[in-house]
Number of protein chains: 2
Amino acid sequence: MNISDAAARSGVPPKTIRYYEEIGLVRPLREGNGYRVFRESDVHKLAFLGRARALGFGINRCRALLALWEDEARASAEVKQIASGHLDAIDAKIADLRAMRETLADLVQACAGDDRPDCPIIRSLETSGNPPAKEGRFGRNGDEGV
Amino acid sequence: MNISDAAARSGVPPKTIRYYEEIGLVRPLREGNGYRVFRESDVHKLAFLGRARALGFGINRCRALLALWEDEARASAEVKQIASGHLDAIDAKIADLRAMRETLADLVQACAGDDRPDCPIIRSLETSGNPPAKEGRFGRNGDEGV
DNA sequence: CTTGACCTTCCAGTGGATGGAAGCCCTATC
DNA sequence: GATAGGGCTTCCATCCACTGGAAGGTCAAG
């Protein structure tokens, strides 16, 4: 089967499939004319990736999950560890967003939203009261971001 | 003042300041030797940007907020609209993450996490029961992502 | 005069794709 | 046999918001 069929059957777009091949997540065969040929197993693998990505797993974690999926002798503990790591990352992200949301919602709430220039949102941004974040926003996070 | 002082006083790293200049968010002066020279107003503007970014505003929204900040005749409604748009984006993102979190937490919960291969997480990923997302994960979102 | 801390620019890479151009391949129709 | 169209290929650029690092200029202290 060609790439567009594989895309339709797996739910992963052709461009993305080519990208996944490029980074070594799938290895479709090739026909004499250079066209990719997808087996059932490739489609199945792509669908697996699609679902893992839909749960927010990063590519590296998808790669690890894929390897475990194909490893008959895997320990479920390994799978669980990857998923737990991701869950923690999601929780951290949610916490960040909720903190932002709370501040922001208060400000929006307090803003008259009329044609006058006075605005608590602007005031908050221009005032040192709301410190420029001591840590975290800038700089690398060692592990996968969500 | 030079870039490292501006960085220390605004909380925005030198690299980021250079980047902000490149995309036109700040316009420091230049000394004869090519060094950037930052005025108080530049530092103030950088701190503003730092706080806006810390609230998750995208660069485009920061640009708009900056323009409104400097516009004495602004209508607070304009500010509020930008902030509300961002708030909606955050809410959408939180909703996405919570949906992921819920599914994932259930799976992690159900996984024994021992040395046996059987694993509900893997089973869920390999099974079409969990559909590969009908819409949303792939494809452009017209507006700012959070 | 050298050392070392600054500063500059430029290029590359991050994650995870997406958009588009240029050009081959295949099938159908005239 | 020519041509039109769709599908396929590769490659390069773009998004977001930086970050890292190399190569080299500048400055004050010792």
Side-chain angles (χ1 to χ4, degrees), chain A residues 1-8 10-26 28-38 46 49-64 86 89 93 96 132-133 136-146, chain B residues 1-8 10-26 28-38 46 49-63 66 86 89 93 96 132-133 136-146:
Chain A
M1 135 182 43
N2 284 344
I3 199 167
S4 61
D5 295 316
S10 66
V12 179
K15 278 254 161 188
T16 306
I17 295 177
R18 294 195 190 97
Y19 170 66
Y20 286 172
E21 182 186 17
E22 190 186 325
I23 63 174
L25 286 179
V26 276
L29 303 173
R30 293 288 178 144
E31 259 174 325
N33 55 16
Y35 285 22
R36 289 169 182 83
V37 180
F38 294 83
L46 286 168
L49 287 168
R51 286 186 285 264
R53 291 289 299 123
L55 283 179
F57 285 101
I59 290 295
N60 282 341
R61 282 191 172 119
C62 285
R63 203 185 294 275
H86 180 45
K93 188 77 188 170
D96 281 0
R137 174 170 39 105
F138 300 115
R140 278 303 72 226
N141 52 340
D143 211 343
E144 312 231 353
V146 180
Chain B
M1 123 185 51
N2 283 345
I3 198 168
S4 61
D5 294 316
S10 66
V12 179
K15 279 251 159 188
T16 305
I17 295 177
R18 293 196 190 97
Y19 170 66
Y20 286 171
E21 183 187 17
E22 191 187 324
I23 63 174
L25 285 179
V26 275
L29 303 172
R30 294 287 179 146
E31 258 174 325
N33 55 14
Y35 285 22
R36 288 169 183 83
V37 180
F38 294 82
L46 286 168
L49 287 168
R51 286 186 285 264
R53 292 288 302 123
L55 284 179
F57 284 102
I59 291 293
N60 281 342
R61 283 191 172 118
C62 285
R63 202 186 295 275
L66 213 44
H86 180 45
K93 188 78 189 170
D96 281 0
R137 175 170 37 107
F138 301 114
R140 278 303 74 225
N141 52 340
D143 210 342
E144 313 232 352
V146 181

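Reminder, nothing fancy here: chain letters follow the sequence lines and each chain counts from 1.
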message: What's A:I23 touching, base or sugar-phosphate or nothing? Going by heavy atoms closer than 4.0 Å.
response: nothing
message: Rounding to an integer number of Å, can you tell me how far A:I17 CD1 sits from D:dT9 P?
response: 10 Å
- request: Calculate the interatomic distance between A:N33 atom CG and C:dC26 atom P; express it in whole Å.
  value: 5 Å
task: Report the distance from atom CZ of A:R18 to atom C1' of D:dT10, rounded to the nearest whole Å.
output: 9 Å
query: Roughly, in whole Å, what's the span from CG in B:L46 to C1' in D:dC18?
result: 15 Å
- request: With axes from five pairs an end, tell me the bend angle of the helix from C:dC1-D:dG30 to C:dC30-D:dG1, nearest 10°.
  value: 40°
query: Separation of A:R61 atom CZ from C:dG16 atom P, in whole Å?
result: 10 Å
field: Phosphate OP1/OP2 of C:dT9 contacted by B:R30 side-chain N/O (<4.0 Å)
entry: yes
message: Please determine whether any donor N or O and acceptor N or O are separated by less than 3.5 Å between the side chain of B:Y35 and the base of D:dG25.
response: yes
message: Output the rounded distance in Å from OH (A:Y19) to C1' (D:dT14).
response: 14 Å
query: Does OP1 or OP2 of C:dT9 have a side-chain N or O of B:R36 closer than 4.0 Å?
result: yes
field: B:I59 side chain, from C-beta outward: closest of D:dT19, D:dC18, C:dT8
entry: D:dC18
- request: Starting from the C-alpha separation in whole Å, work towards a yes-or-no answer on side-chain contact (heavy atoms from CB on, under 4.5 Å) for B:L49 and B:V12.
  value: CA-CA 8 Å; B:L49 287 168; B:V12 179; 5.5 Å; no
field: Rounded interatomic separation in angstrom, taking CG from A:N2 and P from C:dC24
entry: 19 Å
task: May I ask you to verify if any side-chain N or O of B:Y20 is less than 4.0 angstrom from the OP1 or OP2 atom of D:dA17?
output: no
field: Gap between atoms CD and P, on A:E31 and C:dT27 respectively (whole Å)
entry: 10 Å
field: Phosphate contact (D:dA17 OP1 or OP2) by B:T16 side-chain N/O below 4.0 Å
entry: no
task: Could you tell me whether the phosphate oxygens of C:dA17, OP1 or OP2, come under 4.0 Å of any side-chain nitrogen or oxygen in A:R53?
output: yes
- prompt: Has the side chain of A:K15 got a donor or acceptor atom sitting under 3.5 Å from an opposite partner on the base of C:dG20?
  reply: yes
